[in-house]
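Computed from a prediction, not measured in an experiment: that's the story for all the values here. Letters A, B, ... are given to chains in the order of the sequence lines, protein chains preceding strands, and every chain is numbered from 1.
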2 protein chains.
Amino acid sequence: MHEQETCLAVRDVLHRVGDKWSVLVVSMLSERPLRFSELRRSIEGISQRMLTLTLRNLERDGLVMRTVTPTVPPRVDYELTALGRTLLDPVLALAAWAAGHRVEIAHARARFDRKDRDEQTD
Amino acid sequence: MHEQETCLAVRDVLHRVGDKWSVLVVSMLSERPLRFSELRRSIEGISQRMLTLTLRNLERDGLVMRTVTPTVPPRVDYELTALGRTLLDPVLALAAWAAGHRVEIAHARARFDRKDRDEQTD
DNA sequence: CCGTATCCGATCCGATACTG
DNA sequence: CAGTATCGGATCGGATACGG
């Protein structure tokens with residue numbers, strides 16, 4: 001597991017998964033293909049720029065397929081590839097872990113920050 | 001799954017998991033508790049600063065426990081908490097996915113970049 | 001409708017130097 | 001040995017404006 005090449009590949013994927021919007025986009029596309037504007041509307045707070053960049057990166061990694069219909073106005077659909085769908089399982093497992101432990105984590109943070117402040121006031 | 005609070009908690013955890021060293025540190029601690037200097041030596045390329053920050057964040061989230069033995073020179077041990085150990089399963093699943101698909105991803109990237117370049121040269 | 005370009009602040013992370 | 005402080009480059013991501 002800790003050989004150079006594999007380790008870098010793992011870090012790479014974790015880094016993509018850790019960025020602000022990727023997982024949210026993938027999870028939106030997990031139900032059905034969506035147009036650019038549908039994604040934009042369904043993801044609260046994402047900017048046009050970041051949606052474009054996120055989709056481009058996912059497409060580059062082979063996780064998302066982009067289909068242009070050259071009508072006027074243009075129409076662009078995005079959907080998960082087979083590879084993209086295989087990512088769903090492990091990512092959702094991690095998301096479930098996060099959801100299941102968020103209260104515990106919040107408490108740990110509160111404890112830590114409180115102790116931190118108390119040590120300042122010595 | 002997409003209610004505000006849960007969604008932010010998930011993003012938060014993914015962001016931690018996506019940072020450069022956290023998962024590596026957790027995976028090192030999964031075998032046995034380690035001293036600061038042991039971690040430093042066993043993780044190729046990490047700086048003292050980043051090891052400290054990474055451990056501090058993991059401790060704050062309740063994933064790692066820090067134990068100081070006030071000898072001279074001081075000795076500080078780190079180990080996974082019960083919560084930290086529960087994180088291992090989903091993270092290793094994701095790492096396994098990354099390891100298992102790294103070739104496929106590399107090919108997707110090569111294809112994408114090639115196509116990209118070709119379209120520039122029109 | 002979809003995408004690109006530019007600017008700009010925020011954050012990440014490495015290098016280095018210094019303390020108990 | 002373990003940790004902190006400071007600096008500077010690289011990258012991230014939001015706002016805005018513009019183009020096909």
What about A:Met50 and A:Val26, same hydrophobic cluster or not, with Ile/Leu/Val/Met/Phe/Trp/Tyr joined at side-chain heavy-atom distances under 4.5 Å? yes
Measure from NZ or CZ of A:Arg102 to the centre of the six-membered ring of A:Trp97, then state whether that distance is under 6.0 Å and the direction lies within 45° of the axis. no
Without hydrogens or angle criteria, can the side chains of A:Thr54 and A:Asn57 be said to hold a donor-acceptor pair below 3.5 Å? no
Distance, rounded to the nearest Å, where [X] contributes [atom1] and [N] contributes [atom2]:
X	N	atom1	atom2	answer
A:Leu39	C:dG3	CG	P	10 Å
A:His15	D:dT11	NE2	C1'	8 Å
B:Asn57	D:dG3	CG	P	14 Å
B:Asp116	C:dT4	CG	C1'	13 Å
B:Arg75	D:dG3	CZ	P	13 Å

Shortest non-hydrogen contact between A:Val64 and A:Thr81, atoms and distance: C-CG2, 3.7 Å
Inspect the contact between A:Glu38 and A:Arg41 and indicate whether a charged nitrogen and a carboxylate oxygen are less than 4.0 angstrom apart. no
Taking NZ, NE, NH1 and NH2 as the nitrogens, is one of them in A:Asp113 or A:Arg111 under 4.0 Å from a carboxylate oxygen of the other? no
Working note: B:Arg109 + A:Asp12, criterion salt bridge (Lys or Arg N to Asp or Glu O under 4.0 Å); need CA distance, chi angles, decisive distance, verdict. CA-CA 13 Å; B:Arg109 285 189 188 169; A:Asp12 212 62; 2.5 Å; yes
Just N and O in the side chain of [X]: are any of them under 4.0 Å from OP1 or OP2 of [N]?
X	N	result
A:Tyr78	C:dG3	yes
A:Arg35	C:dC2	yes
B:Arg16	C:dC12	no

Along DNA chain D (nearest heavy atom to each residue), the more 5'-positioned of A:Gln48 and A:Asp19: A:Asp19
Tell me, what's DNA chain D's dot-bracket, Watson-Crick or G-U with both distances under 3.5 Å, | for other-strand, [ ] crossing? ||||||||||||||||||.|
Compare the minimum distances between each of [options] and the side chain of [X], then state the nucleotide with the smallest one.
X	options	answer
B:Ser37	C:dC13, C:dC2, D:dA2	D:dA2
A:Pro73	C:dC1, C:dG3, D:dG3	C:dC1
A:Met50	D:dG14, D:dG3, C:dG14	D:dG14
B:Phe36	D:dG13, D:dA2, C:dG14	D:dA2

Indicate, yes or no, whether a donor-acceptor pair under 3.5 Å links the base of D:dG13 to the side chain of A:Arg49. yes
